[in-house]
Engineer: 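Below is a structure I'd like to ask you about.
In the text below, chain A, chain B and the rest are named by the order of the sequence lines, each starting its count at 1. Just so it is clear, the model here is predicted, and its values are computed rather than measured.
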Amino acid sequence: MNISLTKIFVFSAAHRLHSRQLNEEENREVYTKCNNEFGHGHDYILEVTVKGKPHTQTGKIILNREFDTAVNSVIGILDHKHLDKEIPFFKENISTGEILIQYLWGKIDKKLPDNLLYYLKLWETNNNYFEMGRDK
Amino acid sequence: MMFNYILSKLDGIIMSSNISITKRFEFSGSHRLWREEWSAEENKRIFGNSANLHGHGHNFVLFVTISGEIDDVTGMIINLSELKAIVNDVVIRFDHKFLNMDTPFFKDILPTLENIATVLFKLIDEKINSAGVGKLKKIRLQQGNSLSAEVWR
């Protein structure tokens, strides 16, 4: 039997989709409104799922407090920031949802006990989301 | 007949997929996370305000997912009213109860979201098995708006 626990977190950030490998016109064509010169923002909703056996004494896969601390330490750095201008990783990498979710996976995975992180779902708007998982 | 005809036309599209049906249920209950052998400070440190003396409550939302063969005659994996009756039979034991005291399930394990979900999975699984229609694939138990647990095979 498999058991997982999912918690929802929220952070808000600005970004601009712009590839250095494309010229101005190509960028506008590819990213349309997401290429807007001065950026734009989203309320990102992040669903974090851990999978494991509940601890016999606590009945928990992870304590709520530890879960919050691990995830908040990662998204706290992004919250109310301009991703491309303020987060070094996104100076080199385009802040698409596909790349942002991999960034989040790498950071959150390191903050949680080994092999606990199982699945991420990142909602960029109410109408689109990105998923990344171990085997889901 | 018509249905079989349609299915045979769609063979390889529909038949090769996994199909499941999910139904949503609600119940409200209270619980307390507390280990007698630990000090009050330790309980507070580990469980936070879930250790509060008189318990506290949640509105739980339960999603029950059944998979299986689609019946040729009815076109259904399981009749939804049958599923409703089966699950309600289980949920009624949890609804408007203090889970620690009013149910027999949490004498040896704490009623954490993970454990409640596991107990529900086992109880519903038994009933689905004896009904002999479909197979319980997964349940999702949501506590409030930001926390949920899933149990699957």
Engineer: Tell me, out of B:Ala149, B:Ser50, B:Gly48, B:Ser148, who's got the most heavy-atom pairs with chain A below 4.5 Å.
Structural biologist: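 Of the candidates given, the most pairs with chain A belong to B:Ser148.
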
Engineer: Under 4.5 Å between side-chain heavy atoms, hopping through other hydrophobics if needed: is there a path connecting B:Leu80 to B:Ile124?
Structural biologist: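 The answer is yes; both residues are in one hydrophobic cluster.
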
Engineer: Let me know if B:Glu37 has heavy atoms under 4.5 Å from chain A in its side chain, its backbone, both or neither.
Structural biologist: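 Just its side chain gets close to chain A.
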
Engineer: Which bit of A:Leu63 is near chain B, if near means a heavy-atom gap under 4.5 Å: side chain, backbone, both or neither?
Structural biologist: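 Contact with chain B involves the side chain of A:Leu63 alone.
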
Engineer: Is it the case that atom NZ in B:Lys23 sees more than 12 heavy atoms from other parts of the structure closer than 6.0 Å?
Structural biologist: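 Yes, because the 6.0 Å sphere around NZ of B:Lys23 holds more than 12 heavy atoms from other groups.
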
Engineer: Are the side chain of A:Arg65 and the backbone of B:Arg45 linked by a donor-acceptor contact shorter than 3.5 Å?
Structural biologist: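 Judged by distance alone, yes, a pair lies under 3.5 Å.
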
Engineer: Considering residues, nucleotides and ligands other than B:Lys84, do more than 12 of their heavy atoms fall under 6.0 Å from its NZ?
Structural biologist: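 It does not: B:Lys84 NZ has 12 such atoms or fewer within range.
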
Engineer: Between B:Arg35 and A:Gln57 (side chain of the first, backbone of the second, donor and acceptor by atom type, cut-off under 3.5 Å), is there such a pair?
Structural biologist: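 Flag set: sc B:Arg35 to bb A:Gln57 pair under 3.5 Å.
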
Engineer: Okay, side chain of B:Thr112, backbone of A:Gly59: is any donor-acceptor separation there less than 3.5 Å?
Structural biologist: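 Yes; at least one donor-acceptor contact below 3.5 Å.
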
Engineer: Surrounding CD1 of B:Ile92 (heavy atoms of other residues, nucleotides or ligands, distance under 6.0 Å), is the total greater than 12?
Structural biologist: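 It does not: B:Ile92 CD1 has 12 such atoms or fewer within range.
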
Engineer: Where on B:Leu110 is there a heavy atom nearer than 4.5 Å to chain A: the side chain, the backbone, both, or neither?
Structural biologist: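 Contact with chain A involves the side chain of B:Leu110 alone.
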
Engineer: Would you give the length of the straight line joining atom NZ of B:Lys122 to atom CE of A:Met1, rounded to the nearest 0.5 angstrom?
Structural biologist: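 Spacing of NZ (B:Lys122) from CE (A:Met1) equals 5.0 Å.
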
Engineer: In this structure, would A:Ile101 and A:Ile87 fall into the same cluster of hydrophobic residues linked by side-chain contacts under 4.5 Å?
Structural biologist: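 Result: yes, single cluster for both.
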
Engineer: Do B:Phe98 and B:Phe106 sit in the same hydrophobic cluster, where Ile, Leu, Val, Met, Phe, Trp and Tyr count as joined when their side-chain heavy atoms come under 4.5 Å apart?
Structural biologist: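 No.
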
Engineer: Surrounding CD of B:Glu82 (heavy atoms of other residues, nucleotides or ligands, distance under 6.0 Å), is the total greater than 12?
Structural biologist: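 Above 12, so yes.
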
Engineer: State, with a plain yes or no, whether a side-chain heavy atom of B:Leu147 is found less than 4.5 Å away from one of A:Ile8.
Structural biologist: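 Answer no - side chains too far apart.
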
Engineer: What part of B:Asp108 is in contact with chain A, defined as an atom under 4.5 angstrom from a non-hydrogen atom: side chain, backbone, both or neither?
Structural biologist: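 Neither part.
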
Engineer: Spell out, yes or no, whether B:Leu62 and B:Ile21 are grouped together once hydrophobic residues are joined by side-chain heavy atoms under 4.5 Å, including indirect joins.
Structural biologist: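 B:Leu62 clusters together with B:Ile21.
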
Engineer: Closer than 3.5 angstrom, by distance alone: can the side chain of A:Asn2 be matched with the main-chain N or O of B:Val151 as a donor-acceptor pair?
Structural biologist: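 Answer holds: no.
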
Engineer: Would you mind telling me which of A:Thr6, A:Ile3, A:Val50 has the largest number of heavy-atom pairs within less than 4.5 Å of chain B?
Structural biologist: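 That would be A:Thr6.
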
Engineer: Are A:Leu83 and A:Met132 grouped together when hydrophobic residues (ILVMFWY) are joined by side-chain heavy atoms under 4.5 angstrom apart?
Structural biologist: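 Yes; tracing contacts between hydrophobic side chains, which count when under 4.5 Å, links both residues.
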
Engineer: B:Trp38 and A:Thr58: which non-hydrogen atoms are nearest, and at how many Å?
Structural biologist: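 Closest pair (atom of B:Trp38, atom of A:Thr58, distance): CH2-CG2, 3.9 Å.
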
Engineer: Let me see the working for A:Phe9 and B:Ser146 under side chain to side chain contact (heavy atoms under 4.5 Å, CB included), right down to the final yes or no.
Structural biologist: CA-CA 8 Å; A:Phe9 298 86; B:Ser146 68; over 6 Å; no

Engineer: Are more than 12 heavy atoms, taken from residues, nucleotides or ligands other than B:Lys107, located less than 6.0 Å from that residue's NZ atom?
Structural biologist: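 Counting other residues, nucleotides and ligands, NZ of B:Lys107 exceeds 12 neighbours.
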
Engineer: For A:Ile61, does its backbone N or O pair with a side-chain atom of B:Glu114 as donor and acceptor, under 3.5 Å?
Structural biologist: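 Judged by distance alone, yes, a pair lies under 3.5 Å.
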
Engineer: Sort A:Glu66 into side chain, backbone, both or neither according to what part of it lies under 4.5 angstrom from a heavy atom of chain B.
Structural biologist: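 Answer is neither: A:Glu66 stays 4.5 Å or more from chain B.
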
Engineer: Has A:Lys110 got more than 12 heavy atoms of other residues, nucleotides or ligands less than 6.0 Å from its NZ?
Structural biologist: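 No, because the 6.0 Å sphere around NZ of A:Lys110 holds 12 heavy atoms or fewer from other groups.
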
Engineer: Quick one: of B:Leu33, B:Asn145, B:Thr118, B:Ile109, who has the most non-hydrogen atom pairs under 4.5 Å with chain A?
Structural biologist: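 Highest number of heavy-atom pairs under 4.5 Å: B:Thr118.
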
